[in-house]
A.B. asks: 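Here's a structure for you.
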Amino acid sequence: MSVNILFSAHPDRWPQYRDHLQAAIAETGITFTLATEFDPAEVDYIVYAPNGGLSDFTPYTRLKAVLSLWAGVESIVGNPTLTVPLARMVDQGLRQGMTEWVVGHVLRHHLGMDLHITGQEGLWRSFVPPLAPDRTVCVLGLGELGQAAGEALASLGFNVTGWSRTAKSIPGVTCYDGETGLLEALDSAEILVLLLPDTPATTNILNADTLAKLPRGAIIINPGRGPLIDDNALLAALDSGQIAHATLDVFRTEPLPPDHPYWAHSQVTVTPHIASETRPATAVKIIAENIRRGEAGEPFLHLVDRDHGY
Ligand code: NAP
């Protein structure tokens, strides 16, 4: 019997994915139909992004799995109508994109590039940054993306620390875990990168108390998720000088509303959730492999842990 695969994402994505997906799934040897519309009762797999608008999975009575195109699954993981396995996107393209974005923004702040890029006013401003080994960069979240970014920063010579829920051992990265581990990690974090998922346990993890634990003048870089940061606490910390700058890619409300104080704040850089896009050419291979596994009765890759929410 032919396998029906529904592509449910923003309509813009369909032309970007269609041919790549078609080719990757064909390579598995499965007989399938890939489309953006089906009778829900006849769908076997959903290739999913939240911006497709699908939120009620009840009519999908034959569904075997939902395969997310996104790494972050906070908008779907608690959906009570979703009772089949949920796999998230883990992909080399995502890792590479995030590593480049994080390294770029860390280097901007480490080297003090803004001093010479903006507002030179004819002034010969001398600024000698420390070398990377004398700069501590801390990555909160040592998963697929945090580990890759941490390793890249370590390979440039930075003193890299990181924090995760469970204990980790990563060459070149001093790893912390647990509540006391967070405080130890924050204590030396001159540049703090947030690559945690958005879960009940991580909401507002950066708040007035944790911001106060950072060295004075620390830099925040958040490509993780908006709710990781208590926005009012961050604005207060920026105004007091506790935090020197925040580079933010993700927000509680996206697009960030035009009247949000972050836009006008001179110590905030806003980027529009572009840190790392899922790249169709590589991501479709993960989707196809999971469909192959589903049809072969093998365990899916990158299953979301519903209890932990990521
Ligand atoms: P991942 O592999 O699931 O890694 C998540 C990391 O966070 C893991 O190290 C995990 O610890 C840690 N963690 C989770 N809950 C924690 C807690 N309560 N306390 C301490 N550590 C905790 O996720 P990923 O693929 O690296 O992606 C991370 C996030 O990046 C995504 O969830 C998404 O929000 C964001 N993202 C953003 C963009 C963008 O363009 N801005 C693109 C892709 C992804 P354990 O290792 O112990 O489980």
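Order of appearance sets the numbers: ligands from 1, and atoms from 1 within every ligand.
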A.B. asks: I'd like to know whether Arg62 forms a salt bridge (charged side-chain N to carboxylate O under 4.0 Å, His left out) with Asp44, so could you lay out the CA-CA distance, the side-chain angles of the two residues, the decisive distance to 0.1 Å, and finally the verdict.
C.D. replies: CA-CA 6 Å; Arg62 190 168 110 182; Asp44 295 287; 2.9 Å; yes
A.B. asks: Would you mind running through ligand 1 and noting each atom that sits below 4.0 Å from a heavy atom of Ser276?
C.D. replies: 39 (C), 40 (O), 42 (C)
A.B. asks: So is Leu195 polar-close to ligand 1, meaning N/O to N/O under 3.5 Å?
C.D. replies: no
A.B. asks: Check ligand 1 against Met98 and write out every atom of the ligand that is under 4.0 Å from a heavy-atom position of the residue.
C.D. replies: 37 (C), 38 (C), 39 (C), 42 (C)
A.B. asks: Out of Glu74, Met89, Gln147, Arg88, whose heavy atom sits nearest atom 2 (O) of ligand 1?
C.D. replies: Arg88
A.B. asks: Any heavy atom of Lys168 sitting closer than 4.0 Å to ligand 1?
C.D. replies: yes
A.B. asks: Which of the atoms of ligand 1 are close to His273, meaning less than 4.0 Å from one of its heavy atoms?
C.D. replies: 39 (C), 40 (O), 41 (N)
A.B. asks: With a 4.0 Å cut-off on heavy atoms, is Asp249 in contact with ligand 1?
C.D. replies: yes
A.B. asks: Consider ligand 1: state whether an atom of it lies below 4.0 angstrom from any non-hydrogen atom of Val250.
C.D. replies: yes
A.B. asks: Backbone or side chain, does any N or O of Trp163 fall under 3.5 Å from an N or O of ligand 1?
C.D. replies: no
A.B. asks: Less than 3.5 Å between some nitrogen or oxygen of Gly141 and one of ligand 1, yes or no?
C.D. replies: no
A.B. asks: Should the proximity of Ile205 to ligand 1, defined as any heavy atom under 4.0 Å, be assigned to the side chain, the backbone, both, or neither?
C.D. replies: neither
A.B. asks: Give yes if a backbone or side-chain nitrogen or oxygen of Gly143 is under 3.5 Å from a nitrogen or oxygen of ligand 1, and no if not.
C.D. replies: yes
A.B. asks: In this structure, does ligand 1 have an atom that sits under 4.0 Å from one of the heavy atoms of Val90?
C.D. replies: no
